[in-house]
Peer 1: 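Below: one structure in structure tokens.
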Amino acid sequence: MSPIGDHNQRSAVVPAHTVARQITDDTISDSGYGGSIAGESNFDQNVPAQILPGVSGNASETERRQWASNVHQLHYNQNRVALGRSINTTIDLLKDFSKKNSSWPAHYPQISKAGAIIQRSQTTEDLSSDEERPKPLRRSATSIEPATPEEEPKAAEPRLVTPQIVQEFNVLKLDLKLGALSPSELVHSLEKSSIASLLDGKISQSIKHLQALRERIEDTSSKVLVTGDLNAGKSTFCNALLRKKVLPEDQQPCTSIFCEVLDCRDNGGVEEVHAVHFDTKYNRDDETTYDVHKLEELEDIVIENDKYPQVKVYVEDVRTIDQSLLRNGVVDIALIDAPGLNLDSIKTTAVFARQEEIDVVVFVVSAENHFTLSAKEFIWNAAQEKAYIFIVVNRFDNIRDKARCKRLILEQIQQLSPRTYEHAEELVHFVSSNAVIEDSEATKVQQFETLEQSLRSFVLEKRARSKLAPAKTYLMNLLGDIETLATSNQSQVGNELDRINEQLAELTPVFEEALRASTKVTDDVDRSIEDTAAQVYKHTRRELIQTIKHMDDVPSVPYAGIFDAYTYAEQTRVAMLDKVHQKVISCEGYARDRTVQGVSAIKSLGLLHLGDDYIEKIFRADLMFSRKKDALVRAIKTEIDVLDFFDFDKQEKAAGFGLSFTLVATLGGQFLGIGGWIDGVWKTTKFLGYRNTKKLIVPVALVAGAFGAYWLLADIPNAVPRKLAKKIRKELEAMDYVHGNSERITKEVRKILRVPADDLRGGFQRVVEKRGKEREQLKEQKKESEVALKYFGNLYRKSTEISKGVNRLDLDNVPIAH
């Protein structure tokens, strides 16, 4: 059973003690109902009443009333079913929106009055209240922020993204308060995901409230909350409605818990009190959920009670159904007497939260005190959903200047609940409840009976206003907020798509150019490396060949004589090898210079094409060829022998021997050359005679041998370099020395140049991957934005369709039966 008296167990609502204990919890949220103010027309539509066939003119008055009641009920049920369907559709719409909000955080615009500017998501406007409208008491998860048309808009912030919206959020408004910071400042300080989370919380609260509204309108019973300030006479008023003293009365506050008065027929005709336990859902059939007390014990229970959060009071009203409110013959009524609003903050908050579960609010105000701040706050909040509030001005008999009192109170009501003021004749009553119980003056009793009939009419005959209108108002406000969000997000997503398309248009050529430059530059660098390596190889090979070929042209070691010939030969060998080695070092220096030039050229290309994306590494040219890779003196082991000191292969040696024989031939008288040598010898022998010739042969031979020996010894400084050079050349050729060193130096150059080339290639690859990733991300964002644009377009269309259907529900103009 509902904690507010739904003894048929058709309404699942939150117990008052739970609300009171959890005032800081998110589940206790302000209803967020806006729009039920002057200037908005949800009910006063110029729609002609439908005329239905009715009873004949000969029917009795009772039959006519019964027929009219049936028509009213039919009209009510039609509107109730249509409203329930709209609530179900809206719940599905909100669930889908919540799911979308988790994957695509919705843009939440800053809402401002006309002339102000809507800001970027994560903003909300701090609206100041009018002096005549009380500033709302702050409660956890409160979303209502009063606003006035006269307020000045705040200066526009630089993140303009949506068109101007001149209406304020009512239900889905994010209201953040922290010290002196405004909601706009607080929201601006949050991330978009945090704002989406807050909005999702609001959506969840709205879904729960819609479910409660659906259960409320489907519930055939009606809940009437009687509330007001302390000592305003609420209990006295309830007793006057019952025509008996049931609830305790005192000049001091005596009602500290919710007292729910029900017809005892729902309790088997037994008058008694059921005191409901804390943290327990009331069930009349389960006595473990409550304690049973007599009616006489009620006063002890409700005065300064901390044991029970609420009581169910079953009483009997013996009056006829056309007089009794509880036993009316139409619907079941639960009459709820609430604690005073300014009793304490917890109980006041409980009353605030509980009014959202109520069908009709009867606000009792003392004619002596008028509306206090807490009373104004409650009525203004309740009026956000309940456009019509039944107001009872009690103890009016104690006022001397009654006209002035009426005028002042009605002026206050006009500010707090404009719709109530428009129907003040039916909804605002100035009475004295004590006079009904005491039956003192007929005039006062008649005034109260007039109030009673108006209340019966409002609760029973105008149930569309009292029961369906709050749901319609809430739906219209909620759907209006959804339309605002859909419109704002359509604009936001449209701007996002424009931005993405612009970035894609700028990025695509950059990406393609980076791709082309990567291919071209890396190919050019590879060719440049190979060209440099080829040049180094050719240069090294040419220089080494020339050096080896002419290594013996100029002796580089002094010759000290025949006795130092071997040392001379060894030094000559070392000098020749060192000459070759120095040439190798010279070729390495050339290769180093070319490498430095190549590295600098590659780095320049990297900085030119990649800029900051190019990672430049430090190159130390002095470390090239730092290891001894060419110890030629140790590698070539040329052995020196005796023949290395004499070179018999040269023509000069043959010329020396020929000169000796020529001298002999000249002494013989005739030199005929090589061809006539024998003839010359014969003629010389004949001229000198055989004897003389024989004597001269030995001296001549000795002279010639001495001369040849001298020549050989004198030729050692020249013969040694030539002979050693031949040997060294053969060894170098056998070990492919020229090619090996040329290849070694070239490989070193190529390896060094590959390092910045690989860095350049890696830089281009990173840039291409980065640009490609950015482009793919933009394409994905574009795809998501297009889906979001379509979704918010559909959201706007669906919410508009539901809103139009709800707005067409005519809760005032009942079909005329005749």
Side-chain angles (χ1 to χ4, degrees), residues 10-13 29 31-36 40-45 47 50 72-101 143 167 169-173 202-223 356-360 384-388 419 462-487 791-815:
R10 283 171 245 177
S11 178
V13 293
S29 63
S31 62
Y33 304 106
S36 299
E40 179 179 342
S41 179
N42 285 341
F43 301 101
D44 299 333
Q45 305 179 45
V47 180
Q50 182 181 1
H72 273 275
Q73 188 64 33
L74 177 62
H75 181 257
Y76 173 82
N77 287 335
Q78 289 174 343
N79 287 330
R80 178 178 59 82
V81 172
L83 197 58
R85 289 174 179 171
S86 298
I87 289 176
N88 291 335
T89 307
T90 305
I91 289 175
D92 293 338
L93 195 67
L94 284 176
K95 288 180 178 179
D96 188 48
F97 184 28
S98 178
K99 186 184 299 184
K100 185 66 178 178
N101 187 48
S143 62
Q167 73 177 61
F169 278 118
N170 296 299
V171 180
L172 300 179
K173 180 178 181 180
K202 279 291 184 182
I203 293 173
S204 299
Q205 293 174 9
S206 299
I207 292 175
K208 292 179 181 178
H209 195 78
L210 284 174
Q211 292 169 341
L213 283 176
R214 181 177 58 193
E215 293 177 357
R216 190 200 301 178
I217 66 175
E218 291 175 354
D219 185 7
T220 57
S221 65
S222 288
K223 302 172 185 64
E356 298 177 1
E357 307 167 0
I358 299 301
D359 296 313
V360 178
Q384 302 305 303
E385 174 190 340
K386 298 169 180 64
Y388 303 96
R419 289 297 180 82
K462 299 181 180 180
R463 295 178 66 206
R465 281 187 184 180
S466 63
K467 200 172 184 68
L468 300 185
K472 177 181 177 180
T473 302
Y474 183 86
L475 263 183
M476 292 299 295
N477 289 330
L478 177 60
L479 291 169
D481 289 352
I482 295 175
E483 291 174 14
T484 299
L485 281 173
T487 303
Y791 169 79
F792 287 113
N794 291 333
L795 179 65
Y796 177 81
R797 177 180 56 80
K798 291 178 181 179
S799 60
T800 303
E801 291 175 356
I802 300 173
S803 179
K804 289 179 179 178
V806 174
N807 195 47
R808 282 196 296 267
L809 295 179
D810 188 359
L811 305 183
D812 281 347
N813 296 321
V814 182

Peer 1: Does some side-chain heavy atom of Asp359 sit less than 4.5 Å from a side-chain heavy atom of Asp219?
Peer 2: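 The answer is no, as the side chains (C-beta and beyond) never meet within the 4.5 Å cut-off.
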
Peer 1: If you draw a 6.0 Å radius around OH in Tyr796, do more than 12 non-hydrogen atoms from other residues or ligands fall strictly inside?
Peer 2: no

Peer 1: Sequence neighbours excluded, which residues qualify as side-chain hydrogen bond (donor to acceptor under 3.5 Å, both in side chains) partners of Asn79?
Peer 2: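 Expected list: His75.
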
Peer 1: Work out which heavy atom in Val171 is nearest to a heavy atom in Ser206; give both atom names and the distance.
Peer 2: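 Looks like CG1-OG, 3.4 Å.
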
Peer 1: Using a 3.5 Å distance criterion without hydrogens, assess whether the side chain of Ser98 forms a donor-acceptor pair with backbone atoms of Leu94.
Peer 2: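 Side chain of Ser98 to backbone of Leu94: no pair is present.
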
Peer 1: With Phe97, which of Ile203, Ile207, Asp92 fulfils side chain to side chain contact (heavy atoms under 4.5 Å, CB included)?
Peer 2: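 By the side chain to side chain contact (heavy atoms under 4.5 Å, CB included) criterion, Phe97 pairs with just one of Ile203, Ile207, Asp92: Ile203.
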
Peer 1: For the NZ atom of Lys202 and the CG atom of Leu485, what is their distance to the nearest 0.5 Å?
Peer 2: 12.5 Å

Peer 1: Do you know which two heavy atoms are closest between Ala471 and Ile87, and how far apart they sit?
Peer 2: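 Ala471 and Ile87 have their closest heavy atoms at CB-CD1, 4.4 Å.
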
Peer 1: With sequence neighbours left out, write down each residue that passes side-chain contact (heavy atoms from CB on, under 4.5 Å) with Ser86, or none if nothing qualifies.
Peer 2: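 Partners of Ser86 by the side-chain contact (heavy atoms from CB on, under 4.5 Å) criterion, ordered by chain and then number, come out as Leu475, Ile802, Val806.
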
Peer 1: Between Asp96 and Tyr791, which heavy-atom pair has the shortest distance, and what is it?
Peer 2: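 Reported closest heavy-atom pair: OD2-CE1, 3.0 Å.
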
Peer 1: What salt bridge (charged side-chain N to carboxylate O under 4.0 Å, His left out) pairs are there with at least one residue in residues 791-800, not counting sequence neighbours?
Peer 2: Arg797-Glu801

Peer 1: Mind checking what makes side-chain contact (heavy atoms from CB on, under 4.5 Å) contact with Ser204, not counting sequence neighbours?
Peer 2: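 side-chain contact (heavy atoms from CB on, under 4.5 Å) check on Ser204 returns Asp200.
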
Peer 1: Say you draw a straight line from CG of Asp810 to CZ of Arg808; how long is it, rounded to the nearest 0.5 Å?
Peer 2: 12.5 Å

Peer 1: Which residues pass the side-chain contact (heavy atoms from CB on, under 4.5 Å) test with Lys99, sequence neighbours left out?
Peer 2: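 Partners of Lys99 under the side-chain contact (heavy atoms from CB on, under 4.5 Å) test: none.
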
Peer 1: Work out which heavy atom in Leu172 is nearest to a heavy atom in Asp481; give both atom names and the distance.
Peer 2: N-OD2, 2.9 Å

Peer 1: To the nearest 0.5 Å, tell me how far Ile482 CD1 sits from Leu795 CG.
Peer 2: 6.5 Å

Peer 1: Within this structure, what is the CG-CG distance for the pair Leu809 and Leu468, rounded to the nearest 0.5 Å?
Peer 2: 8.5 Å

Peer 1: Look up atom NZ in Lys804 and atom CE in Met476, then write down how far apart they are to the nearest 0.5 Å.
Peer 2: 11.0 Å

Peer 1: Roughly how far, to the nearest 0.5 Å, is NZ of Lys472 from CG of Leu83?
Peer 2: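 Nearest 0.5 Å value for the CG-NZ distance: 8.5 Å.
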
Peer 1: Step by step, work out the side chain to side chain contact (heavy atoms under 4.5 Å, CB included) result for Val81 and Arg85.
Peer 2: CA-CA 6 Å; Val81 172; Arg85 289 174 179 171; 3.7 Å; yes

Peer 1: Please enumerate all residues that pass side-chain hydrogen bond (donor to acceptor under 3.5 Å, both in side chains) together with Asn88, with sequence neighbours excluded.
Peer 2: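 Asn88 satisfies side-chain hydrogen bond (donor to acceptor under 3.5 Å, both in side chains) with Arg214 once adjacent residues are dropped.
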
